[in-house]
Amino acid sequence: FFKIHCFHLFLGIIQHNTIWCKQMRHSLYVQNHFGAKLFDICTIDNYNKTNRKEEPMMKKVYLCIDLKTFFASVECSERHLDPFKTNLVVADPTRGNGALCLAITPQMKSMGIHNRCRIFEIPKGVEYITAMPRMHLYMEYSARIYRIYCRYVSPDDIHVYSIDECFIDITSYMHLYHKSAKEFAKMLMQAVFADTHITATCGIGTNLYLAKVALDIISKHTKENIGILDEERYQKYLWHHLPITDFWHMGSGTANHLLKLGVVDMHGITQIPEEILYKEFGINAEYIIDHAWGREPATIASIKKYRPKNESINNSQVLFSDYEYEDAILVVKEMVELNVLRLVESRLVTNHISLYIGYSRTDGGGWAGGSRKLTVRTNSLSVLMDAFISLYHLKVQKGRLIRQISISFGDVLDEVYESYDLFSDIEALEEEKKLQKAIVSIRHKYGKNAILKLMNKQEKATTEKRNTLIG
């Protein structure tokens, strides 16, 4: 969650992004539901021997490069420390022992400590440095590393996936630099380390999916931090890999759904008739089937050309604590106002709204909400606010605790498509729009908290505090 929100800001900088295997020391073993060993998939030693052979001929070659424990590595770089020999945690201790660790060093990982642990979960006998999160610094490092890649390849051949991960199409560059795919990957990884002292890992594949899987599953088992996959290797070494959730885009929900069909690994998917998969998963069955075979038709070029048919403006937040019904509606109002300012600033209008509420786990969890099409296409705060308040009262249960709120403006178009109904007071709407534009101008010049409403100063309001955060 934290990385996703930071990534949206990072893109602005770079533009001038329940079946487990028993992992032994030398082998990956497949187990059935009862823990019985079925067969040996492959040994890491055998994989390394294959990996040392000349790479297969590839029509397309992609790299997926990840910066190892990025936030922690940046903090170590700033302190001239080796993250592989230093115990360091990136976390905000002012939030108490329950604060989430955004990253820990590889040294701490080697001790069996989980990367996304909470402070109280770190064994008491372990001494470590605590680094307060510095998101501006991490984004600066990420942009700096992006510029390193641009020394060797065109930005057109780079797809930024997150603040610490990207895909690069190196197909045409291997001949230019007279290097194999692995040699090219090493060149980039060495350039990053020389400039930042941050270690990178890399997956090499004949498509974007295989590059990502090679990074996530294979590279961690090689001394050079590089994994290589084509469709043949994928099917040979990973068709029976467990857990299936190790694979890109294979979430626990999908895995549990497949388990009901008797499928526990990627090979199992290939044995299910496609019509059954389409019946169970709908359109998503297409990528599930492709990925089971190691196929991925999307390219970096096609990603960059993609334009959604319908634009939307979204806003979501996980609340700092559980909120009562009346307190949560205050946050909804704040979020609607922020989204309206985005509409006005971008000269856009909408005629479709969506609201989703996540109930607290302490209150049984679950979701509520819905969507509504308006009779007008507008960016009026009063019109949109009334619509959201009405939808909130209609869909949200009183007496339940709320922990997450998401709102969306759908079917967003240029302001020239603004429309009215018989009850619209056009003069009042124009005056309101002037006020919103003035607020946008003041916020741009003096900061987001330069102008606030009384509701933003209430105890349960979140806008003022969130305006000081990144993402």
Side-chain angles (χ1 to χ4, degrees), residues 3-4 6-17 54-68 70 73-74 77 138-216 218-219 224-231 248-249 290 294-308:
K3 289 170 65 177
I4 291 173
C6 296
F7 170 55
H8 292 301
L9 284 183
F10 161 65
L11 282 180
I13 294 178
I14 68 171
Q15 284 175 349
H16 237 343
N17 84 125
E54 188 173 347
E55 294 150 12
M57 295 297 293
M58 301 179 178
K59 291 183 179 180
K60 273 285 186 181
V61 185
Y62 294 96
L63 306 183
C64 184
I65 303 179
D66 175 67
L67 306 171
K68 206 168 183 68
F70 180 53
S73 293
V74 170
S77 178
Y138 309 148
M139 289 188 291
E140 288 171 4
Y141 264 78
S142 193
R144 180 170 153 193
I145 291 169
Y146 178 85
R147 289 192 293 269
I148 293 173
Y149 299 148
C150 289
R151 296 176 196 166
Y152 300 91
V153 301
S154 166
D156 292 338
D157 293 313
I158 304 174
H159 171 58
V160 178
Y161 185 63
S162 70
I163 194 171
D164 61 350
E165 194 169 330
C166 74
F167 293 92
I168 304 176
D169 183 349
I170 65 167
T171 308
S172 60
Y173 297 98
M174 293 188 297
H175 177 71
L176 177 64
Y177 287 92
H178 303 289
K179 291 183 181 295
S180 68
K182 183 188 286 189
E183 289 169 341
F184 196 93
K186 286 182 178 179
M187 177 176 67
L188 293 183
M189 294 163 69
Q190 290 166 0
V192 169
F193 186 81
D195 193 278
T196 65
H197 298 290
I198 291 175
T199 299
T201 57
C202 182
I204 302 172
T206 50
N207 58 50
L208 295 174
Y209 172 72
L210 291 178
K212 175 64 172 169
V213 172
L215 170 74
D216 292 342
I218 300 296
S219 66
E224 297 171 306
N225 293 325
I226 297 175
I228 304 173
L229 284 177
D230 56 14
E231 289 183 26
W248 195 29
H249 284 171
D290 276 347
R295 301 189 298 249
E296 175 53 65
T299 64
I300 289 178
S302 66
I303 291 172
K304 289 182 178 290
K305 289 179 182 177
Y306 174 76
R307 295 293 180 271

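Side chains are part of it too, since the values below use all heavy atoms of this structure and drop only hydrogens, waters and symmetry mates.
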Ile300 side, atom CD1; Asp157 side, atom CG - distance, nearest 0.5 Å: 6.5 Å

From CA spacing to verdict: salt bridge (Lys or Arg N to Asp or Glu O under 4.0 Å), Lys60, Asp169: CA-CA 8 Å; Lys60 273 285 186 181; Asp169 183 349; 2.8 Å; yes

Classify the angle between the aromatic ring planes of His159 and Phe167 as parallel (below 30°), tilted (30 to 60°) or perpendicular (above 60°). parallel

Point-to-point distance, once rounded to the nearest 0.5 Å, from CG of Leu210 to NZ of Lys212: 13.0 Å

Check the pair Cys202 / Asp66 against side-chain contact (heavy atoms from CB on, under 4.5 Å), numbers first and verdict last. CA-CA 6 Å; Cys202 182; Asp66 175 67; over 6 Å; no

Is Asn207 reaching over with its side chain to a backbone N or O of Gly294, donor-acceptor style, under 3.5 angstrom? yes

Between the OH atom in Tyr62 and the SG atom in Cys166, the distance rounded to the nearest 0.5 Å is 13.5 Å

Under 4.0 Å between a side-chain nitrogen and a carboxylate oxygen: does that hold for Asp195 and Arg144? yes

With distance as the sole test, does Ser73 use its side chain to make a donor-acceptor pair with the main-chain N or O of Ile198 at under 3.5 Å? no

On a heavy-atom basis, which atom in Ile204 and which in Ala185 lie closest, and how many Å separate them? CD1-CB, 4.1 Å

Could you grab the distance from atom CD1 of Ile163 to atom CD1 of Ile145, nearest 0.5 Å is fine? 9.5 Å

State whether the side chain of Thr171 and the backbone N or O of Val61 hold a donor-acceptor pair below 3.5 Å, judged by distance alone. yes

Please check if the side chain of Ser142 supplies one atom and the backbone of Asp164 the other of a donor-acceptor pair under 3.5 Å. no

Any donor and acceptor pair, going by atom type alone, linking the side chain of Lys182 with main-chain N or O of Ile228 inside 3.5 Å? no

Would you please test Cys64 and Glu165 for side-chain contact (heavy atoms from CB on, under 4.5 Å) and show each step? CA-CA 7 Å; Cys64 184; Glu165 194 169 330; 3.4 Å; yes

List the steps and the verdict of side-chain contact (heavy atoms from CB on, under 4.5 Å) for Glu296 and Asp290. CA-CA 6 Å; Glu296 175 53 65; Asp290 276 347; 5.8 Å; no

Full working for side-chain contact (heavy atoms from CB on, under 4.5 Å) between Leu208 and Ile303: CA-CA 11 Å; Leu208 295 174; Ile303 291 172; 3.8 Å; yes

Distance from Ile226 atom CD1 to Glu183 atom CD, nearest 0.5 Å? 10.0 Å

Quick check: closest heavy atoms across Ile148 and Ala191, and the distance to 0.1 Å? CG2-CB, 3.8 Å

Answer whether the closest heavy-atom distance between the side chains of Ile168 and Ile65 falls below 4.5 Å. yes

Here the pair of heavy atoms bringing Thr201 nearest to Ser219 is CB-OG, 4.2 Å

Heavy-atom pair with the smallest gap, counting every atom of Cys150 and Pro155: SG-CG, 3.9 Å

Here the gap from Thr199 atom OG1 to Leu67 atom CG, rounded to the nearest 0.5 Å, amounts to 9.5 Å

Mark yes or no for whether Tyr173, through its side chain, and Ser154, through its backbone, hold a donor-acceptor pair below 3.5 Å. yes

Going by an N to O cut-off under 4.0 Å, is there a salt bridge joining Lys186 and Glu224? yes

Phe184 and Tyr152 aromatic ring geometry - parallel, tilted or perpendicular at 30°/60° bounds: perpendicular

Students often mix this up, so state it plainly: with edges at 30° and 60°, are the rings of Phe193 and His197 parallel, tilted or perpendicular? perpendicular

